[in-house]
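Right, one structure below, let's go through it.
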Amino acid sequence: MSTARTSRTPLPGIGVRYDLTTRDHRHLSVVAHRDGSRTLSAYRNDDPDACALSVRLTGQEAEALVDVLKPTHHSPTLLSTTELGLVAERIELSGTSHWNGRLLGDTRMRTETGVSIVAVLRRAEAIPSPGPGFRLAGGDTLIVIGTREGVDAAAAILGRE
């Protein structure tokens with residue numbers, strides 16, 4: 001049985017596009033706009049480039065949709081960063097990234113964006129609270145937290161090739 005595939009594409013000046021291909025080969029995308037709104041799109045089966053449905057949601061509507069999609073094991077004691085004006089996201093470092101093999105401190109991430117890197121996922125390992133001497137590698141997924149603008153800026157910096 002195949003699993004869902006996801007990808008993330010920074011859209012400078014707009015936000016971030018998340019694409020999902022389901023087990024049944026359906027293509028969905030969400031554009032997370034910098035203003036907090038979201039555009040949810042579903043694509044036709046017979047032509048994956050043709051959009052069959054596109055719905056623009058306010059930030060509040062997107063949160064309501066997330067609430068109904070949450071798994072039943074979701075814990076209400078978990079911090080909801082959106083209520084605090086913060087977002088937490090995963091940013092993947094490509095194998096051709098400018099930062100591949102360089103130190104995390106070289107990115108000047110906190111200084112330039114105000115974003116905190118709270119963990120790095122590398123293969124099956126999670127590295128919590130990596131310090132400035134941590135060496136980045138292509139394929140790393142950085143878990144970042146900050147303002148929407150800060151996270152978008154971090155994605156742009158880390159997307160440098």
Side-chain angles (χ1 to χ4, degrees), residues 3-22 27-43 48-49 51 54-67 69-70 78-161:
T3 60
R5 292 183 321 242
T6 60
S7 66
R8 178 186 188 290
T9 307
L11 302 172
I14 297 170
V16 180
R17 177 180 166 150
Y18 299 91
D19 290 290
L20 168 74
T21 302
T22 69
H27 178 202
L28 304 170
S29 73
V30 174
V31 174
H33 298 273
R34 295 180 67 177
D35 66 3
S37 66
R38 303 290 191 259
T39 301
L40 171 66
S41 300
Y43 296 85
D49 294 324
C51 187
S54 185
V55 179
R56 179 97 178 210
L57 302 169
T58 65
Q60 200 169 33
E61 292 165 339
E63 285 183 44
L65 180 58
V66 166
D67 285 342
L69 294 173
K70 281 182 186 172
L78 292 176
L79 178 63
S80 176
T81 56
T82 54
E83 293 170 3
L84 302 172
L86 300 173
V87 294
E89 288 192 5
R90 297 170 178 237
I91 301 175
E92 187 171 336
L93 200 66
S94 77
T96 58
S97 172
H98 169 78
W99 305 109
N100 188 4
R102 296 184 183 215
L103 298 178
L104 179 59
D106 293 345
T107 67
R108 299 181 36 84
M109 191 61 57
R110 187 174 302 205
T111 302
E112 298 295 326
T113 69
V115 164
S116 293
I117 298 170
V118 297
V120 174
L121 307 178
R122 181 176 287 166
R123 294 181 287 284
E125 181 182 9
I127 299 104
S129 304
F134 179 81
R135 194 163 300 279
L136 297 167
D140 283 353
T141 298
L142 286 71
I143 308 298
V144 301
I145 189 166
T147 63
R148 169 82 271 148
E149 294 79 18
V151 169
D152 288 345
I157 289 169
L158 293 169
R160 180 177 167 200
E161 295 195 5

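When all heavy atoms are compared, the tightest approach of Gly101 to Arg135 is O-NH1, 2.6 Å. When all heavy atoms are compared, the tightest approach of Leu121 to Ala126 is CD2-CB, 3.8 Å. In this structure, Thr113 and Ala154 approach most closely via the heavy-atom pair CG2-N, 3.7 Å.
A distance of 11.5 Å separates CD1 of Ile14 from OG1 of Thr9, quoted to the nearest 0.5 Å. Here the straight-line distance linking atom CZ of Arg56 with atom OG of Ser41 works out to 10.5 Å at 0.5 Å rounding. Annotation: the span from Glu92 atom CD to Leu158 atom CG amounts to 11.5 Å, rounded to 0.5 Å. With rounding to the nearest 0.5 angstrom, the CG atom of Leu93 is 10.0 Å from the CH2 atom of Trp99. Atom OH of Tyr18 is separated from atom CZ of Arg38 by 7.0 Å, given to the nearest 0.5 angstrom. The distance from the CE atom of Met109 to the CD1 atom of Ile117 is 5.0 Å, given to the nearest 0.5 Å.
Counting heavy atoms from C-beta on, the side chains of Thr39 and Ser54 come closer than 4.5 Å. Contact of the Leu40 side chain with the Leu65 side chain is registered, since non-hydrogen atoms from C-beta on lie closer than 4.5 Å. In this structure, the side chains of Val16 and Val151 stay at 4.5 Å or more apart for every pair of heavy atoms. Side-chain contact between Val30 and Arg17: absent, with no pair of heavy atoms (C-beta onward) separated by less than 4.5 Å.
Checking each of Asn100, Leu142, Asp106, Leu103 against Leu136 for a side-chain contact (heavy atoms from CB on, under 4.5 Å) leaves exactly one that passes, namely Leu142.
At distances below 3.5 Å, not a single donor-acceptor pair connects side-chain atoms of Ser116 with backbone N or O atoms of Val118.
Evaluation of the side-chain contact (heavy atoms from CB on, under 4.5 Å) rule for Ser7 yields Asp19 as partners, not counting sequence neighbours. Under the side chain to side chain donor-acceptor pair (under 3.5 Å) criterion, Thr58 pairs with Glu61, sequence neighbours left out. Thr111 is linked by a side-chain contact (heavy atoms from CB on, under 4.5 Å) to Arg108, counting only residues two or more places apart in sequence or in another chain. Taking the side-chain contact (heavy atoms from CB on, under 4.5 Å) definition, one finds that Ala42 meets it with Leu28, Leu53, sequence neighbours left out.
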Please assess Val115 against Arg110 for the test side chain to side chain contact (heavy atoms under 4.5 Å, CB included), listing each intermediate value before the final yes or no. CA-CA 5 Å; Val115 164; Arg110 187 174 302 205; over 6 Å; no
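Other residues, nucleotides and ligands contribute at most 12 non-hydrogen atoms within 6.0 Å of the CD atom of Gln60.
The side chain to side chain donor-acceptor pair (under 3.5 Å) pairs that include a residue from residues 145-158 are Glu89-Arg148, Arg148-Asp152, where partners are two or more places apart or lie in different chains. Applying the side chain to side chain donor-acceptor pair (under 3.5 Å) test to every pair with at least one member in residues 118-132, sequence neighbours left out, gives these pairs: Arg122-Asp140.
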